[in-house]
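Here's the structure, in structure tokens; my notes come after.
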Amino acid sequence: MLKTLYQKVLRIHLSESQTQTLELLVLMLQSYRQVRLSTLANIFPQPIQYKSRVKSLQRFLQLPQLSAKLLWFPIIKAALKSEFREKHLNRAQRRKRSKLRFKTKNYVAVALDRTQWRDRNLLMVTIIWGNHALPIYWELLPKLGSSSFREQKRVLGPVLALLKPYPVVVIGDREFHSAKLADWLRVRSIDVVFRQKKSAFVATSCQRGKSLKTQGFKSGESHFFTDVTFQKSEPIQGFNLGVYWEKSHRGKKVKEPWYLLTTISNPKLVKELYQARWGIEMMFRDCKSGGYNMESTRVDSTRFLALVLLITFAYWLATNSGHELKSNHLVPYLGRSEKTPNNFPHHSIFWLGLSGYAWSQSLLFWQEEMLALMALKPHKAQNFRQGLNALSLVQQLV
């Protein structure tokens with residue numbers, strides 16, 4: 001459904017040759033995991049000189065149609081519509097799907113974050129998708145360092161308009177601690193979970209106003225306060241405050257608690273929502289050195305934003321394929337299936353999707369050599385038959 005949908009959207013706004021170029025680039029990202037323009041031009045499958053291939057890709061990446069609002073928003077819109085109207089799916093199908101809505105209260109959990117390297121400073125809005133985050137909208141900031149309230153509103157605006165039919169919660173780390181931003185969202189009936197700095201000034205019903213770090217919270221404790229006032233100057237009232245301080249995490253001592261400003265009244269849900277924010281950190285890792293090497297590209301801003309769109313298409317396809325491969329019990333053919341000593345999988349869903357594509361392509365590319373080698377190992381015939389059946393299923397899913 002996804003592939004058919006995105007091809008349909010592309011053909012509305014792009015010419016046939018432009019659509020084909022985009023699809024080739026997405027497949028190349030899956031195979032070579034590299035967005036550097038010189039690398040893409042070097043392997044781009046077109047029988048013209050290298051310099052001409054570079055110029056062709058440069059022109060393509062300048063197309064004004066390569067816009068998230070134009071090409072990506074319709075896909076997210078259709079996916080959410082399907083997600084919230086999934087009565088036509090049976091129980092097994094619903095279990096297999098990686099939800100675009102949060103497991104509790106049917107929220108669409110939106111995470112706001114920023115990543116920076118060299119002179120690039122990218123502000124991004126994502127939807128939490130299973131254990132990952134899926135990019136929705138992004139903007140390059142004209143400066144290094146933290147984003148401003150104005151920039152945060154500008155990048156959230158189109159996303160909130162897209163998600164208007166659904167219950168939305170916006171999650172942010174300490175860069176997005178502003179009670180002013182939380183109040184701006186609350187006025188628009190959007191729930192929030194924002195981590196606060198320990199220096200934040202807070203007054204509760206049982207504590208006079210002072211910074212969070214001086215309020216005497218201890219390791220291992222959890223507290224939840226309602227109707228809290230934030231900020232000393234221009235105070236903003238009516239929020240809740242969750243304080244969660246675990247003694248240890250993965251064997252390491254936790255040095256300070258999470259201070260979470262929120263509009264939600266369920267303490268357990270508030271904690272679960274903020275924990276889900278980790279998906280955006282995984283996504284940044286996958287898009288950078290853990291996957292597509294986004295930080296290696298040196299193109300200008302317009303082309304860079306077009307490459308982010310291509311990465312978004314590729315990331316969606318790879319992660320979606322990874323879920324399908326895992327649910328069909330194909331992990332042993334793609335990587336280590338046993339878990340780590342901490343009971344975590346060795347490979348992420350995203351990695352499984354990329355590995356499935358790479359393995360199926362390599363067996364097709366060297367098919368003659370593969371068959372010749374199989375003929376020399378007749379005692380492995382049963383294993384080979386099972387492997388070929390697995391290969392056939394992998395090719396259908398990637």
Side-chain angles (χ1 to χ4, degrees), residues 1-8 20 22-34 43 45 75 78-79 82-83 86 88-100 129-132 134 282-283 286 290-292 311 313-341 343-398:
M1 188 278 287
L2 169 67
K3 192 169 183 180
T4 303
L5 172 63
Y6 100 77
Q7 286 177 338
K8 181 180 178 181
Q20 188 64 36
L22 189 148
E23 290 183 353
L24 279 170
L25 287 171
V26 169
L27 292 176
M28 287 161 61
L29 289 181
Q30 304 297 64
S31 295
Y32 299 97
R33 308 180 191 185
Q34 178 62 255
I43 57 179
I75 294 171
S82 173
E83 182 78 31
E86 60 178 13
H88 63 285
L89 300 179
N90 59 39
R91 182 180 295 179
Q93 289 172 323
R94 290 195 297 270
R95 285 177 177 172
K96 284 168 59 176
R97 296 188 65 175
S98 177
K99 302 289 187 181
L100 280 172
W129 184 35
N131 293 325
H132 290 70
L134 186 65
M282 295 180 65
M283 183 212 67
D286 293 338
Y292 299 123
I311 287 172
F313 277 120
Y315 190 73
W316 169 267
L317 292 173
T319 313
N320 190 65
S321 296
H323 280 291
E324 292 288 339
L325 293 167
K326 184 177 180 180
S327 65
N328 282 277
H329 310 292
L330 292 166
V331 176
Y333 286 95
L334 305 174
R336 298 174 67 177
S337 55
E338 73 277 10
K339 292 192 174 182
T340 66
N343 203 34
F344 290 99
H346 273 285
H347 307 299
S348 71
I349 293 297
F350 167 73
W351 189 95
L352 289 175
L354 289 184
S355 181
Y357 184 80
W359 184 60
S360 63
Q361 291 300 303
S362 70
L363 294 185
L364 285 176
F365 187 78
W366 289 295
Q367 187 173 21
E368 290 185 12
E369 292 81 358
M370 175 189 73
L371 294 173
L373 185 60
M374 288 168 58
L376 296 173
K377 299 179 179 181
H379 58 291
K380 295 281 189 180
Q382 178 63 27
N383 301 93
F384 289 147
R385 279 194 293 271
Q386 293 174 351
L388 289 173
N389 289 335
L391 172 62
S392 177
L393 189 52
V394 169
Q395 289 171 336
Q396 295 173 34
L397 298 175
V398 299

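As the structure is a computational prediction, the values presented were derived from the model and not from experiment.
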Does P45 have any side-chain contact (heavy atoms from CB on, under 4.5 Å) partners at least two apart in sequence or in another chain, and if so, which? L24, M28
Steps toward side-chain contact (heavy atoms from CB on, under 4.5 Å) verdict (I349, M282): CA-CA 11 Å; I349 293 297; M282 295 180 65; over 6 Å; no
Heavy-atom side-chain contact between L22 and L25 under 4.5 Å: no
Should the heavy atoms of other residues, nucleotides or ligands under 6.0 Å from CD of E369 be counted, would the total exceed 12? yes
Can a donor-acceptor pair be found, under 3.5 Å and without considering hydrogens, that links the side chain of Y292 to the backbone of A314? yes
Non-hydrogen atoms of S31 and Y357 that approach each other most closely: OG-CE2, 2.9 Å
Calculate, to the nearest 0.5 Å, the distance between atoms CG and NZ belonging to N383 and K377 respectively. 10.5 Å
At what distance, to the nearest 0.5 angstrom, does OG1 of T319 lie from CG of L354? 8.0 Å
Would the distance check show the side chain of N328 and the main-chain N or O of E324 forming a donor-acceptor pair, the cut-off being under 3.5 Å? yes
Is there a side-chain contact between M374 and L388 (heavy atoms, below 4.5 Å)? yes
How long is the gap from CD on Q367 to CG on L371, to the nearest 0.5 Å? 5.5 Å
Over 12 foreign heavy atoms within 6.0 Å of OH, Y32: no
Shortest non-hydrogen contact from V394 toward S360: CG1-CB, 4.1 Å
side-chain contact (heavy atoms from CB on, under 4.5 Å) evaluation trace for F313 with L29: CA-CA 10 Å; F313 277 120; L29 289 181; over 6 Å; no
Here the pair of heavy atoms bringing A390 nearest to L330 is CB-CD2, 3.8 Å
Let me confirm one number: the CH2-CG distance from W129 to N320, rounded to the nearest 0.5 Å. 5.0 Å
On a heavy-atom basis, which atom in V331 and which in K326 lie closest, and how many Å separate them? CG2-CA, 4.0 Å
Which atom names give the shortest non-hydrogen contact between W359 and L391, and what distance separates them? CZ3-CA, 3.9 Å
Could you give me the CA-CA distance, side-chain angles and deciding distance for Y333 and Q386, then say whether side-chain contact (heavy atoms from CB on, under 4.5 Å) is met? CA-CA 10 Å; Y333 286 95; Q386 293 174 351; 3.7 Å; yes
Closest heavy-atom contact between R33 and G291? CB-O, 3.0 Å
Rounded to the nearest 0.5 Å, what separation is found between the CG atom of L397 and the CG atom of L352? 12.0 Å
Can you list the residues that meet the side-chain contact (heavy atoms from CB on, under 4.5 Å) rule with L364, with sequence neighbours excluded? Q361, Q395
Residues two or more places apart in sequence or in another chain: which of them pass side-chain contact (heavy atoms from CB on, under 4.5 Å) with S355? L334, W351
Any idea how Y315 and F350 line up, ring-wise: parallel (<30°), tilted (30 to 60°), or perpendicular (>60°)? tilted
With distance as the sole test, does S321 use its side chain to make a donor-acceptor pair with the main-chain N or O of L317 at under 3.5 Å? yes
Could you give me the CA-CA distance, side-chain angles and deciding distance for D286 and H132, then say whether side-chain contact (heavy atoms from CB on, under 4.5 Å) is met? CA-CA 10 Å; D286 293 338; H132 290 70; 3.6 Å; yes
